[in-house]
2 protein chains.
Amino acid sequence: MSRSVKKETLLNVAERLFYEHGFRGVGLKQIISEANVATMTLYNHFSSKDQLVEEVLKQREERYWSYLDAHVEMDSDSPFILAVEAHGRWLKEQSYQGDMFLRAIEDYAGTDNEIENIARGHKSKLLKYFQELAQRKGIENERDLANQFTLLLEGTTSMTTLIGAEKATEHSIAMARTIVQHTS
Amino acid sequence: MSRSVKKETLLNVAERLFYEHGFRGVGLKQIISEANVATMTLYNHFSSKDQLVEEVLKQREERYWSYLDAHVEMDSDSPFILAVEAHGRWLKEQSYQGDMFLRAIEDYAGTDNEIENIARGHKSKLLKYFQELAQRKGIENERDLANQFTLLLEGTTSMTTLIGAEKATEHSIAMARTIVQHTS
DNA sequence: AATCGAATAGAAAGGTCGTTCTATATAAAA
DNA sequence: TTTTATATAGAACGACCTTTCTATTCGATT
């Protein structure tokens, strides 16, 4: 179906442009142009720019979790380290320019829309993910450890802007190892 | 002088609004309106919106370092922990809505302007700050430790969006202590 | 062959953006 | 007192924004 192809193209082009220049920094004109699509084709598939942003975020969230699930064996010896490593590889492959979800939360904060909810949902899922990992390992303060590892991932993402994904991940893994070793 | 007062008002109002809604999310109209100032007053003190952004960033950077310098005794027993604590208090007092410098880097990336340079300058100063702290303590891999603590601060800032400044800081300090204890 | 959905280019509407301009007021400096 | 600098409100500019509309083309289904 030609329909699906155009829609997917739009989603991919929009995701890339939003990622590179921010939601407010990219106009529909540019998206339409780079996707080689007519204005009405976009409005046929998405009711508004905001809804396009929502679907881009949903797509990106799916991709992130697929990536993590593919690289983290939850029952391995050190699933925490694997998760940090996987996150680092994800960042590297993205040729990183910031965290799209954090940006969404900030850009659309206080405007009471669905976009912020989706982005926050992704972040709380990350917390839950580490909690589950900690529970499987029978770690006492699973909530504390989950928060700490989420903080490490967030820090890695930010640091990537400054020193690149590889170095940021190295430092993150070093800290992760130390923390795992010295936690109940 | 009435001149300085207006300029300061503009800088403060702009900083608050940029912080709350992002650089691209705030128009000059709103800044002018909330500062109770005429359009030409703004253009009298700032040559463009971009230059206003630059000066806001410079002002914010100054404030940040004043705050850190005031709270961190560099020759104390644990200057690293003090720095993490001070950063946490700073975040709490800002009623946090993101990191303005990271946002500036992302929003203006690739447009080859002064804004990105200022923001990146602040971040590399943070790295240097921790390097100097590590050197004073005679720590071997001062660069590694500096990177790790910068990563912790960045993570704390991001996590504040999700769980609040106090909890984020607690987790950050916990990790900081563990790392300090088990480093050279 | 006729029909229908979906795509197309492009104009247009209605708004906001950053910036400049006009014309005037105020208050200190000369 | 005259000059100068700085303030004011508000209109105007051109550019861009999101969204809607028009008019046309293309291919597959009937």
Side-chain angles (χ1 to χ4, degrees), chain A residues 1-57 103-104 106-116, chain B residues 1-57 103-104 106-108 110-116 118:
Chain A
M1 291 160 211
S2 173
R3 168 174 49 175
S4 310
V5 170
K6 296 281 179 186
K7 184 168 184 178
E8 273 183 42
T9 307
L10 277 167
L11 279 171
N12 292 334
V13 167
E15 181 176 345
R16 176 173 51 81
L17 289 176
F18 286 151
Y19 188 50
E20 283 174 7
H21 308 105
F23 304 104
R24 295 207 146 95
V26 178
L28 296 183
K29 192 179 174 183
Q30 193 182 354
I31 294 172
I32 286 163
S33 161
E34 296 204 20
N36 276 112
V37 145
T39 311
M40 278 316 293
T41 305
L42 187 152
Y43 277 93
N44 241 344
H45 292 298
F46 309 95
S47 63
S48 67
K49 185 185 184 182
D50 277 4
Q51 206 233 317
L52 173 61
V53 171
E54 291 170 20
E55 297 217 19
V56 164
L57 287 175
R103 278 186 95 158
E106 293 168 9
D107 277 5
Y108 296 95
T111 61
D112 187 34
N113 57 38
E114 181 68 5
I115 295 175
E116 194 187 348
Chain B
M1 292 160 212
S2 173
R3 168 174 50 176
S4 309
V5 170
K6 296 281 179 186
K7 183 168 185 178
E8 275 183 40
T9 306
L10 276 167
L11 279 171
N12 291 333
V13 167
E15 181 176 346
R16 177 172 52 80
L17 289 177
F18 286 150
Y19 188 49
E20 284 173 6
H21 307 105
F23 303 105
R24 295 207 147 95
V26 178
L28 295 183
K29 192 180 173 184
Q30 191 182 357
I31 294 172
I32 286 162
S33 162
E34 295 204 21
N36 276 113
V37 144
T39 310
M40 278 316 294
T41 305
L42 187 151
Y43 276 93
N44 240 345
H45 292 298
F46 309 95
S47 63
S48 66
K49 186 186 182 181
D50 277 4
Q51 206 233 318
L52 173 60
V53 171
E54 291 170 20
E55 297 217 18
V56 163
L57 286 175
R103 279 186 93 159
E106 293 168 7
D107 278 6
Y108 296 95
T111 62
D112 186 36
N113 57 39
E114 182 67 7
I115 296 174
E116 193 187 349
I118 294 171

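This is a predicted model, so every value here is computed, not measured. So that the names make sense, note that chain A is the first sequence line, chain B the second, and so on, each numbered from 1.
- A/Ile32 places its CD1 atom 10 Å from the P atom of C/dT8, with the value rounded to the nearest Å.
- Rounded to whole Å, the distance from NZ on A/Lys6 to C1' on C/dA7 is 7 Å.
- OP1 or OP2 of D/dA7 sits under 4.0 Å from a side-chain N or O of B/His45.
- Here the shortest heavy-atom pairing between A/Asn36 and A/Lys6 reads O-NZ, 3.7 Å.
- Rounded to an integer number of Å, the gap from B/His21 NE2 to C/dC17 C1' is 17 Å.
- For A/Tyr43, the side-chain atoms get nearest to D/dT18 when compared with the rest of C/dA6, D/dT18, D/dT8.
- The residues B/Asp107 and A/Arg103 are annotated as salt-bridged, a charged nitrogen and a carboxylate oxygen being separated by less than 4.0 angstrom.
- Nucleic acid contact class of B/Thr39 (heavy atoms, under 4.0 Å, all strands): base.
- Judged purely by atom type and a 3.5 angstrom limit, A/Gln30 has no side-chain atom pairing as donor or acceptor with the backbone of A/Val26.
- If you measure from atom CZ of B/Arg24 to atom P of C/dG18, you get 11 Å, rounded to the nearest angstrom.
- To the nearest angstrom, C1' of D/dA9 lies 14 Å from NZ of B/Lys29.
- Residue B/Phe46 contributes atom CZ, which lies 15 Å from atom C1' of C/dG18 at whole-angstrom precision.
- Remark: DNA chain C forms stems of 3 or more consecutive Watson-Crick or G-U wobble pairs, all pair distances under 3.5 Å, at C:3-29 with D:2-28.
- What separates CE of B/Met40 from C1' of D/dA5 is a distance of 13 Å, to the nearest Å.
- Looking at heavy atoms from C-beta onward, A/Phe46 lies in side-chain contact with A/Lys7 at the 4.5 angstrom threshold.
- For the pair B/Ile32 and B/Thr39, the tightest heavy-atom approach, listed with the atom from each and the gap, is CD1-CA, 3.7 Å.
- Residues A/Ala35 and A/Thr9 approach most closely at O-CG2, 3.9 Å, considering heavy atoms.
- Summarising the geometry, atom CG belonging to A/Leu10 is positioned 13.0 Å from atom CD belonging to A/Glu15; distances are rounded to the nearest 0.5 Å.
- Atom-to-atom, CG of B/Asn44 to C1' of C/dT24 comes out at 15 Å; the value is rounded to the nearest Å.
- The nucleotide whose nearest atom lies closest to any side-chain atom of A/Leu28 is, among C/dT19, D/dT19, D/dT8, D/dT19.
- Among the atoms of the strands shown, only primed sugar atoms or phosphate atoms (P, OP1, OP2) are found under 4.0 Å from some heavy atom of B/Asn36.
- Listed nucleotides: D/dA7, C/dT8, D/dT18. Nearest to the side chain of B/Thr41: D/dA7.
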